[in-house]
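First comes the structure, then the notes that go with it.
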Amino acid sequence: MKNIKIEVKDLSLYYGEKKALKEISLEIPRNKVTALIGPSGCGKSTFLRCINRMNDLIPDVKITGQMLVEGIDIYDKNVDVVNIRKKIGMVFQKSNPFPKSIYENIAYGPKINGIKDKNELDEIVETSLRQAAIWDEVKDRLGDSAMGLSGGQQQRLCIARTLAVSPDIILMDEPASALDPISTSKIEELVHELKEQYTIIIVTHNMQQAARTSDYTAFFYLGELIEIGKTNAIFTKPEQKQTEDYITGRFG
Amino acid sequence: MTHFEIELERLKNEIIKIGNLAETQVVESVKALLSEPIEGKEVKKTESKIDKLDVKIDEICQSIFALQQPVASDLRFIMAAMQISNEIERIGDLAVSVIKRAKNIKDKHDLIAKFDIGDLAKKVELITMKTNECYLTRDEITIGEVFILNSTIKKLGDDAIDGIIGEMKSHSKVVVSGTNLVIVLKHLERISEHCTNIAEYVHFMVNAKIIKHDKHEDLNL
């Protein structure tokens, strides 16, 4: 893998005594989509949350090893966690728009970051909504409540909200698992388009979604990284038997 | 066994079934060529069974693709099944062509004996059997045996055809029989090539490597 965006070295995570991630080492390439797959409890979401230090919010969590983003260890004590989260956006399984207007949902982050100019905010809102492929659907009702949008629209709005603060990396935790096939397909198409500008890491239980959307796939099991490789190779000839058993549904 | 595994097992059994039917047709075609005329009714019945199975296998594969989205070894197994079934159906058709043509070759026994066609025909029978065996066992040694047999059959066939052409040049009365025999030999060679293709798909199924345009000697089987 060339052009590495994130380099993980011997990363382990403990919830109290329990070791939930075991010496994970991997590289995530820039401007590619990397899918994290594995059965429930394997550590893939925990790992995803390590990338923007979301696990900091959980008591009793201890992390060892390094998470280098652009060569900088984000767990270094001199690193500002707010800046990290600005650069590393996150989209969750359940869409979570603010109970505000569509416009305000997108403008909220930039405003907090100090942007006050109305024209500049208007531009950010339009660009973000366009990038998230929802502009045409909402451009005539930007003042309406975001809560009135459909589930699929809300999720794309949340992606637009993430884009509005100009991140480098987008983390997606099961972003389409609660959506119908048409909305899912829109999100997947969006992932394809966004990778031109962003590095995307996506956790999914849907194997076909991982196969369709990602360039690289990492398989986690019981807190260990079993295999990472090009998605095409993982889904045609995985190197590890455990990976083969999982993707062919013969696990356990 | 999961529902999906039962489907895969069913597909495998249908491939074994169609393979055995084609083998029967080849055995009958060799018999028709080397010894006595054979019962046409039975051949037709088997041909029709092969055709029906070929379609059935395509339908099973289509359904697995649509409903199960197979990956990795399962994907290769189903891709191979579709190809193999197609190859087997052609083997069946060629065997029937041999049977039909062999019936009308007058004085064929002299030419057969003179150019050792009996040995070639028995090897075609053997390669068909070995091909079915390699699908069943997925054994690399058997795959290698199929490749070697194919080379031998090709050489024997080319030699016999050269000999028959020479014979036709010097004895015009064997031209009709000779021409028919050359066509039969070409059919037998084609059967052997289809067997080789099947062995290549079995190799793909097991090793995930497409070798259909590679030199078999380089494979170290």
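To find a chain, count down the sequence lines: A is the first, B the second, and so on, and within it residues start at 1. A quick note: this is a predicted structure, and the numbers were derived from the prediction, not measured.
Using a 4.5 Å heavy-atom cutoff, the side chains of A:Thr248 and B:Val71 are in contact.
Remark: A:Ile247 CD1 to B:Ser73 OG distance equals 8.0 Å, nearest 0.5 Å.
Around atom CD1 of B:Ile183, more than 12 heavy atoms belonging to other residues, nucleotides or ligands sit under 6.0 Å away. Atom CD1 of B:Ile6 is surrounded by more than 12 heavy atoms from other residues, nucleotides or ligands within 6.0 Å. Heavy-atom contacts from other residues, nucleotides or ligands closer than 6.0 Å to CD of B:Gln62 number 12 or fewer. Within a 6.0 Å sphere centred on CD of A:Gln208, heavy atoms belonging to other residues, nucleotides or ligands number more than 12.
Closest heavy-atom contact between B:Arg76 and A:Thr236: NH1-O, 2.8 Å.
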For this session: May I have the step-by-step check of side chain to side chain contact (heavy atoms under 4.5 Å, CB included) for A:Arg250 and B:Glu5, ending in yes or no?
Result: CA-CA 9 Å; A:Arg250 290 184 179 77; B:Glu5 284 168 325; 3.2 Å; yes
